[in-house]
There are 2 protein chains.
Amino acid sequence: MNIGEIARRSGVSRSTVSYALSGKRPVSDTTRRRIQAVIDELGYRPNATARALKEGRTRTIGLIIPPASQRLTDMQLGFVASVVDAAGRADLDVLLSSSGGEHDRSFERVVGGRRVDGVILMEIRLEDDRVTSLRRAGLPFVGIGRTSDPEEMSWVDIDYETLIARCVHHLADLGHRGIALVDRSAELAATGYGPSHRAHAGFLRAIAERQVEGVHTCCADDATSGVSCVERLLVEHPALTAIATINEAAVPGMYRGLEQAGLSVPRDFSIAGVAGRYLAENLHPPLTAADVPADELGAKAVELLIERIADPAASYRDLLVSPPISLRGTTGPARPRH
Amino acid sequence: MNIGEIARRSGVSRSTVSYALSGKRPVSDTTRRRIQAVIDELGYRPNATARALKEGRTRTIGLIIPPASQRLTDMQLGFVASVVDAAGRADLDVLLSSSGGEHDRSFERVVGGRRVDGVILMEIRLEDDRVTSLRRAGLPFVGIGRTSDPEEMSWVDIDYETLIARCVHHLADLGHRGIALVDRSAELAATGYGPSHRAHAGFLRAIAERQVEGVHTCCADDATSGVSCVERLLVEHPALTAIATINEAAVPGMYRGLEQAGLSVPRDFSIAGVAGRYLAENLHPPLTAADVPADELGAKAVELLIERIADPAASYRDLLVSPPISLRGTTGPARPRH
DNA sequence: TTGTAAGCGTTATCAA
DNA sequence: TTGATAACGCTTACAA
């Protein structure tokens, strides 16, 4: 079932069928109707592959996620959902690909084979091989996150540096004098993960400004690690009364760790962080946090990518969000622990 | 940058380059090396679209998820992750598409345009229009879930009927005489969602066998609804002391609702259900549940799809899992309320 | 061992 | 208003 078959059955040429479909050339009403009747009868739909070859574009974008084996965080899931959604609204399909470790074949296939018109990259490192690949391939891309030379790409990002500093200030305002930063995993931080580095920078700046005791620690992206992380912090730092965090996946574990230590939130211990709104609202208790608008960021990433695809020579654009901290009740006045 | 350019620069014909790459015809060592040198120098990779057009297959599978706007449940996320993973291992890419409501354009594009070699369908209804579309299009597909005529398709599924019956028996064994089934959302159940219907059937059967009081209720897929659902149940059914559920997303809310009612789990109230293992283990307290092996099911779905693509005339295959219930401590001996 | 050429299903240019 | 035809980049049957 192809355009030739439709042409034959309607007694016209293939080009006429094509034009009847695209409307790029006038077609008489009678022939158009005849053609449409045949199309409806046979349920013909143009072959996307052939069209892509001819037009030189696939109408597909690639979305590069972290290795799928490790669970996506709530925020990452929010990005995926909003990208798929926004792409769909623009009649673009989304090719999902993971990268990292043994998944690099997939990335290579998608990028090298030009299966997509452009790419959205998640979980970018300060120095990121994938960015290098994409530049070399001349494929338009947009980062959810940015490298250390952010002027040379389009991106959307969260201003972790500012947000974590704000969390510290908020906690210091409440009288806290011992504050921990619970970071993402040590592997991420070690491989130059931007949010880790920038959050750390903001943390150092703020604790210096407020002259509070600050301790920085990494924690894997899951609840269990959150528990042990808190256990360790409580033992090693008796003066600690608050946590600022960018590790949303570990927060439920932190709650549990504190509870097991007999500490009540926010009476005995405060937590503030950066998290997807959905998660922050649905945690128990709801988390005082800068609510990352994953929807907006994902949609913006698609918008920027469409722009770059349309005009690869256009100047780069970006969006850095620093949403306000929503007070939800996990932060309160400091109270010394014994 | 195409195969012709490589051929020109290596002083051979295009077919020789193609054969050097595919190995489907012997190529002398010297020419092969010359070609490879040019390829390496220019970083050439064959265009996937052209290859797809020529070969008549895209090396891509479609994964149809529920509308992305509504949050994926933990189990659904597990399916997506394992499908992407398994497809990657088979050198297949995954085109993500949502269906339902305004997303049907996307489904139509993917299926009608033959952008994929086959499709994996999630959240199937007993009567499902998408299945009809796929059959009409003659596109291989596999369901994660099955319709009311499961003999006519390949699928993997969870035996909710058996599993919920087992939950009821387990609870009845513990002395519970008032047991509620907390189902997925009313919309899903109303539109003929298989798991809802089959779980309900298993529930009715088991409560009849054990002569306990059973109450069935639907609940939206989120924690907040879980809270209000439990509140309502407790008020309306004073004899209720246990819940069996297939609604994993609502479980955290159920915990909270019980806590707010002053009931402790499992001392005062028991919960057992069907849930993804990851979630069951990470809930607090960990949920006694039949652990759905999302990894295995996703991988199997990909395997069955590859099989159908290779031989569309082969007989259908399926996999129905009924994993054992893992006791984790949310079920205990019945104790009358008040 | 290598080259020539047809063809996959479209779109778009050039003619009529 | 419509048709014939080249072209997109690749694979492969057929020749040499």
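Letters A, B, ... are given to chains in the order of the sequence lines, protein chains preceding strands, and every chain is numbered from 1.
- No engagement by B:G113 is indicated, since no non-hydrogen atom pair under 4.0 Å with the nucleic acid exists.
- Among the atoms of the strands shown, none is found under 4.0 Å from any heavy atom of B:S22.
- Side-chain N/O atoms of B:R125 and B:T191 include a donor and acceptor closer than 3.5 Å.
- For the pair B:R71 and A:Y278, the cation sits on the ring face: its NZ or CZ lies under 6.0 Å from the ring centre, inside 45° of the axis.
- A straight line from CZ of A:R25 to P of C:dA12 spans 11 Å, rounded to a whole angstrom.
- The nucleotide range of DNA chain D contacted by chain B, defined by atoms under 4.0 angstrom from heavy atoms of the protein and reported 5' to 3', is D:dG9 to D:dC14.
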Stepwise, does the side-chain contact (heavy atoms from CB on, under 4.5 Å) test hold for B:L319 with B:D157? CA-CA 6 Å; B:L319 172 67; B:D157 206 352; over 6 Å; no
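- Ion pairing between a basic and an acidic side chain is recognised when a charged N comes within 4.0 Å of a carboxylate O; A:D91 and B:R109 show such pairing.
- Rounded to the nearest 0.5 angstrom, B:I64 CD1 and B:L134 CG are separated by 7.0 Å.
- For the residue pair A:E127 / A:T147, no side-chain donor-acceptor distance below 3.5 Å is found, with atom types taken as modelled.
- In this structure A:E108 satisfies the salt bridge (Lys or Arg N to Asp or Glu O under 4.0 Å) test together with B:R45, sequence neighbours excluded.
- Of the charged side-chain nitrogens involved, at least one lies within less than 4.0 Å of a carboxylate oxygen, so that A:R184 and A:D221 count as a salt-bridged pair.
- For A:E41, the side chain to side chain donor-acceptor pair (under 3.5 Å) criterion is met by no residue, not counting sequence neighbours.
- Considering only residues two or more places apart in sequence or on other chains, A:R114 meets the salt bridge (Lys or Arg N to Asp or Glu O under 4.0 Å) condition with none of them.
- Ion pairing between a basic and an acidic side chain is recognised when a charged N comes within 4.0 Å of a carboxylate O; A:E5 and A:R9 show such pairing.
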Counting primed atoms, P, OP1 and OP2 as sugar-phosphate and everything else as base, the B/S/- map of nucleotides 5-10 of chain C against protein heavy atoms under 4.0 Å is -BBBBB
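- Protein atom CZ of B:R33 is 13 Å distant from nucleotide atom P of C:dT1, rounded to whole Å.
- End-to-end axis angle for the helix from C:dT1-D:dA16 to C:dA16-D:dT1, using five pairs per end and rounding to 10°, comes out at 50°.
- Between B:Y19 and A:G11, the residue anchored nearer the 5' end of DNA chain D, judged by the nucleotide with its closest heavy atom, is A:G11.
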